Amino acid sequence: MNTSNQASQNSFFERCYLVVQRIPYGKVTTYGAIARHLGAGKSARVVGWAMNNSHDRDIPAHRVVNRIGVLTGKHHFGGTHIMKQLLQSESHQFDGDQILNFKDVFWDPTDD
DNA sequence: ACGGTGACCACTT
DNA sequence: TAAGTGGCCACCG
């Protein structure tokens, strides 16, 4: 949990960052989709970790949610509902922490 | 070098 | 149909 080692992350993390940055405005994707796109379909957790470090970069981590469209990482996102606020700014609708019409706003990196 | 951790996903009861 | 458990990969101390 140290922020002084960001320079060490040069392969998997950056790979995640690139994909997240490719997420179009008004769309979202999932950790599993990213992981699978990178060829590590089972390392979705690592993607979450990358998002954790993404705070040091300009990564729209708020556009990344779990496979059911729930903002699992909102607590890690600066503390509270900022993640939700950002997504709402992108015309997303919520039911609590669940994105409505998630399937409709879902963006698959492979479909890019 | 080893064990523990994590913003998850899929399979099995 | 719903809930529970394990597995998986990479990073940190």
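Being a predicted model, the structure only gives us computed values, none of them experimental.
When rounded to the nearest whole Å, the span between CG of Leu71(A) and P of dC8(B) equals 11 Å. Regarding His37(A), its NE2 atom lies at a distance of 18 Å from the C1' atom of dC9(B), rounded to whole Å. Taking atom CG on Asn52(A) and atom P on dC11(C), their separation rounds to 13 Å, with Å as the unit. Residue Ile34(A) contributes atom CD1, which lies 15 Å from atom P of dA7(B) at whole-angstrom precision. Summarising the geometry, the separation between CZ on Phe106(A) and P on dC9(B) is reported as 10 Å, rounded to the nearest angstrom. Computed from coordinates, the Arg45(A) CZ to dT5(C) C1' distance equals 12 Å when rounded to whole Å. Summarising the geometry, the separation between CG on Leu38(A) and P on dC11(C) is reported as 12 Å, rounded to the nearest angstrom. Rounded to whole angstrom, the span from the CZ atom of Arg67(A) across to the C1' atom of dA10(B) amounts to 8 Å.
Interatomic distance, Leu87(A) CG to Lys74(A) NZ, rounded to the nearest 0.5 Å: 11.5 Å.
Side-chain proximity of Met83(A) to the nucleotides dA10(B), dA7(B), dC9(B) is greatest for dA7(B). When each of dC8(C), dA7(B), dC9(B) is scored by its nearest atom to the side-chain atoms of Thr30(A), the top-ranked nucleotide is dC9(B). Side-chain atoms of Phe13(A) lie closest to dC11(C) of the nucleotides dA7(B), dC9(C), dC11(C). Closest to the side chain of Phe12(A), from the set dC8(B), dG6(B), dC11(C), is dC11(C). Of the candidate nucleotides dC8(B), dC9(C), dA10(B), dC8(B) has the atom nearest to the side chain of Tyr31(A). Considering only side-chain atoms of Trp49(A), the nucleotide from dG6(B), dA7(B), dC9(B) that sits closest is dG6(B).
With hydrogens and angles ignored, a donor-acceptor pair under 3.5 angstrom links the side chain of His55(A) to the base of dA7(B).
Judged purely by atom type and a 3.5 angstrom limit, Ser54(A) has no side-chain atom pairing as donor or acceptor with the backbone of Arg57(A).
Val64(A) places a side-chain heavy atom less than 4.5 Å from the side chain of Ile34(A). Side-chain contact between Thr29(A) and Val20(A) is absent, with no heavy atoms from C-beta onward closer than 4.5 Å.
Residue contacts for Ala50(A): at a heavy-atom cut-off of 4.0 Å it reaches no nucleic acid atom on any strand shown.
Between His55(A) and Phe77(A), a ring centre-to-centre spacing shorter than 6.0 Å is recorded.
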